[in-house]
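Working notes for the structure below.
The model shown is predicted, which means the values in this text are computed figures rather than measured ones. When a ligand or atom number is given, it counts from 1 through the structure's own listing order.
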Amino acid sequence: MKAHSSEVGVFVRIRPTANFAQRLIECLPDGQTVNIYQKRDVRKLAVKNQLSSWSFRLDGVLHDISQEEVYARVGRRVVLGALEGYNGTVMCFGQTGSGKTYTMTGSTESYKQRGIIPRALQEVFQEVEKRSEHAFSVHLSYLEIYNETLVDLLSSVRGAPDLPPRGMVVMEEPGGGVFIRGLSLHPVHSEEEALNLLFEGEMNRIIGAHALNKNSSRSHCIFTVHIESRSRTLSDAKYITSKLNLVDLAGSERLGKTGSEGQVLKEAMYINKSLSFLEQAILALADRRRDHVPFRQTKLTHSLKDSLGGNCNTVLVANIYGEAAQIEETLSTLRFASRMKCVRTDPAVNEHTDPAVQIKKLQKEVQMLKEELSIYNTLADRPRTMYEPLSEAQVAEIHSQVQRYLEGSLKEISIISIRQLQEVFAQFKSAVQEQEQKVKAELCQTYDLVEKDQNANSAAIKEWDSKGSVGEVEDGGFGAGAAAPSQRHAGPGKTKTKKPRETITVSQGKKPGAGSPVPGKPVESASKSKLNCVQTPEKEQEAQEPDTQSQDTQESQPPSKEPTSTDSPPPKAEAFEDFKAGQGSAINRILKENKAVLLERRARLRRLTEEVNAAKREIDRSTASIQQYKDVRASQGQFVSMEGEPVLDEPEVTLVLHLRQLKARYRQRYEELRSTKAELNYCQHLVDQCRVRLLTEFENWYKESFLLPEEVLAMLRTGGPMQSGIITMDKTLTQEEDDQELFERLQYELLVDSPSAVSFYNARHKILKRVGINRALSLTPVQRSSSRGSGRKKLPPILPIT
Ligand code: ADP
Ligand code: MG
């Protein structure tokens with residue numbers, strides 16, 4: 001007989017009855033098919049008592065068959081499989097009273113009528129006796145699941161461990177197996193011992209049912225035989241284990257039929273729930289495309305996770321009651337059975353390796369291999385193989401060999417063992433590391449560098465700040481300050497260099513009292529510097545802005561003298577002029593161009609404002625005149641046309657037409673004015689940005705030209721040519737693109753907005769604040785004209801029309 005099968009075995013057992021419904025239940029002579037006929041009341045067709053039929057073909061129909069034969073056909077195969085290492089499950093399913101317990105446990109009084117469990121126990125111990133080449137150990141457990149509560153039916157047995165405080169829990173093992181934590185496992189050595197435990201469990205089942213007033217048919221019982229076997233002949237680390245689950249399920253009858261209430265209803269709900277989840281799990285197991293089976297939904301399926309389908313032998317006995325009154329339940333039981341039939345299994349032996357035995361085995365193997373190798377070495381006249389770690393002397397010898405090899409005095413290192421080879425590599429590695437350190441130290445010494453260190457940095461920053469001949473400058477914002485410090489200008493005529501800031505720190509300069517630039521110093525700290533001894537160019541320019549011509553002349557003046565690092569630093573005002581003419585000429589030119597555009601826009605805005613206001617005044621006048629005509633007509637009486645329209649005098653008509661033209665002109669000028677205003681703000685921003693950049697770059701240039709020691713400058717130059725002019729231009733362009741986008745957005749808003757200038761500027765102010773545009777743009781024009789008005793002519797307020 002095959003110890004395992006590739007499909008679930010499904011049998012029907014019919015409980016014998018004097019009132020067997022012969023007309024409704026037909027067992028075919030093949031012994032595998034059962035047909036069910038059911039009278040159906042099909043009202044729709046107005047045909048009463050129509051007969052429906054179902055045919056179920058299973059593995060066997062057990063009708064009028066003895067307990068012994070049932071075991072032989074149902075149980076034996078699974079039991080023998082378990083002895084060979086396959087997990088197995090025999091399950092009885094059916095309505096209460098259909099003979100599940102009779103099939104599984106049988107009569108405890110009559111030996112002849114004993115069921116599958118006692119017969120399985122008998123067979124197990126008979127086989128253990130027979131299979132003397134294996135050492136078996138058998139343990140038993142008996143679990144009851146009642147209303148989703150796990151009960152140990154063998155907890156009363158002497159030696160059973162106390163129940164853990166958190167009760168019993170279904171646990172999953174890494175290999176996919178499950179076990180019930182807290183469920184007692186009892187070793188048994190004979191059939192009798194095993195039967196004692198079974199009966200003890202049965203007794204507890206009855207007592208529990210009585211004491212708790214529960215119906216035992218409403219609980220699931222799982223009697224498990226745990227088998228472990230090791231070969232006595234082979235000193236193998238491998239051993240096999242298996243579980244044989246003998247399951248007596250709760251009655252499958254449906255809820256509605258019994259008209260249950262209260263406790264009974266609750267029990268029935270639990271049973272129905274767990275059985276329907278069992279059915280779901282079975283459907284999932286039957287569906288090959290599904291890779292997830294919902295085992296964990298109830299305690300029943302979770303406990304049986306490693307014993308249903310999969311790699312187990314599974315057999316189902318569908319117990320049916322052969323009476324006509326039970327035909328519906330019979331039908332439902334058979335449907336469940338036919339679903340179970342679809343589950344495919346792939347039984348596999350549960351093989352394990354005992355780590356302790358495995359270690360012993362491997363140790364023995366290693367010893368044998370060493371001996372064998374030693375024989376080979378002797379035969380080949382090779383030195384003895386070393387297995388022990390190298391001694392200190394040996395390591396020192398290898399070290400010296402490697403050193404001599406590196407120097408060239410040793411031509412080659414002969415390899416004698418794996419350990420020696422590994423040590424040679426290790427020595428090479430440490431030689432390389434040593435060399436690296438040496439080179440680093442030498443470089444630092446030569447170039448007066450120290451390794452980047454956070455503390456050194458912060459100390460240097462402090463020193464730099466305290467010594468600094470520079471203070472704070474208003475933040476240029478809008479990225480102007482951020483871009484500039486990453487570029488450093490050498491003095492006029494010097495190569496522009498870019499300093500590799502991230503990797504080195506420059507030590508204190510040799511020039512006494514001179515500050516040092518500090519890498520990693522936050523960009524803002526450089527951009528936030530202020531000229532101490534010069535009138536801030538911003539102020540200077542602001543004052544001069546309306547007079548472009550005079551400022552341009554001043555700005556284009558050539559430097560009075562070439563600054564050199566050996567002289568004492570020149571006054572900043574002078575140096576600033578030199579810078580604008582030389583190094584900073586590109587940015588200065590852009591600044592001037594932007595300012596020219598700005599002034600032109602400002603003039604245009606002024607003109608437009610005057611025009612708008614003039615139009616407004618004329619509108620007011622015309623409106624007043626028209627009103628006068630209206631008042632006269634009201635007092636003298638109104639002429640009305642045939643259509644009921646008021647008839648107007650000619651001068652009044654002329655006035656009305658003129659007013660329309662005026663309003664159109666007002667609107668057109670007003671639109672122009674708004675776009676000019678947006679342009680003006682944009683230009684203002686550009687001018688501010690250029691100015692901040694000019695200042696920042698001047699600061700850096702000044703520092704590098706007059707305040708840094710020569711050797712630092714020399715090192716900075718090694719960073720490669722700095723193309724600050726180009727970078728600045730690019731950055732400006734990028735910024736312009738961003739601004740253009742913002743500008744266009746604002747223009748669009750202008751068109752859809754009401755003509756109210758106040759609401760427009762308020763809204764724009766909010767947007768600018770949100771997008772973080774610099775202060776030049778975020779000020780409202782009204783605020784700007786009042787706050788900065790000293791050097792600029794105030795624009796007249798715009799008069800709105802209604
Ligand atoms: P279930 O466990 O399904 O509720 P039981 O096994 O308790 O049903 O069976 C109900 C009754 O029917 C019991 O008294 C049992 O002895 C009897 N019975 C069931 N099946 C058979 C059978 N095949 N032969 C003789 N008696 C049976
Ligand atoms: Mg029962």
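In this structure Tyr102 satisfies the ring pair (Phe, Tyr, Trp, His ring centres under 6.0 Å) test with no other residue, sequence neighbours excluded. Taking the ring pair (Phe, Tyr, Trp, His ring centres under 6.0 Å) definition, one finds that His186 meets it with nothing, sequence neighbours left out. Taking Phe223 as the reference, Tyr142 meet the ring pair (Phe, Tyr, Trp, His ring centres under 6.0 Å) condition, with sequence neighbours excluded.
Among the atoms of Thr101, an N, O or S atom is found under 2.8 Å from the Mg ion (ligand 2).
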Intermediate values then yes/no, side-chain hydrogen bond (donor to acceptor under 3.5 Å, both in side chains), Glu144 and Ser219: CA-CA 7 Å; Glu144 184 181 31; Ser219 64; 2.7 Å; yes
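The residues lining ligand 1, counting any heavy atom closer than 4.0 Å, are Arg13, Arg15, Pro16, Gln95, Thr96, Gly97, Ser98, Gly99, Lys100, Thr101, Tyr102.
Counting non-hydrogen atoms of other residues, nucleotides and ligands closer than 6.0 Å to CD of Glu129 gives a total of 12 or fewer. Remark: Arg296 CZ is loosely packed, at most 12 non-hydrogen atoms of other residues, nucleotides or ligands lying under 6.0 Å away.
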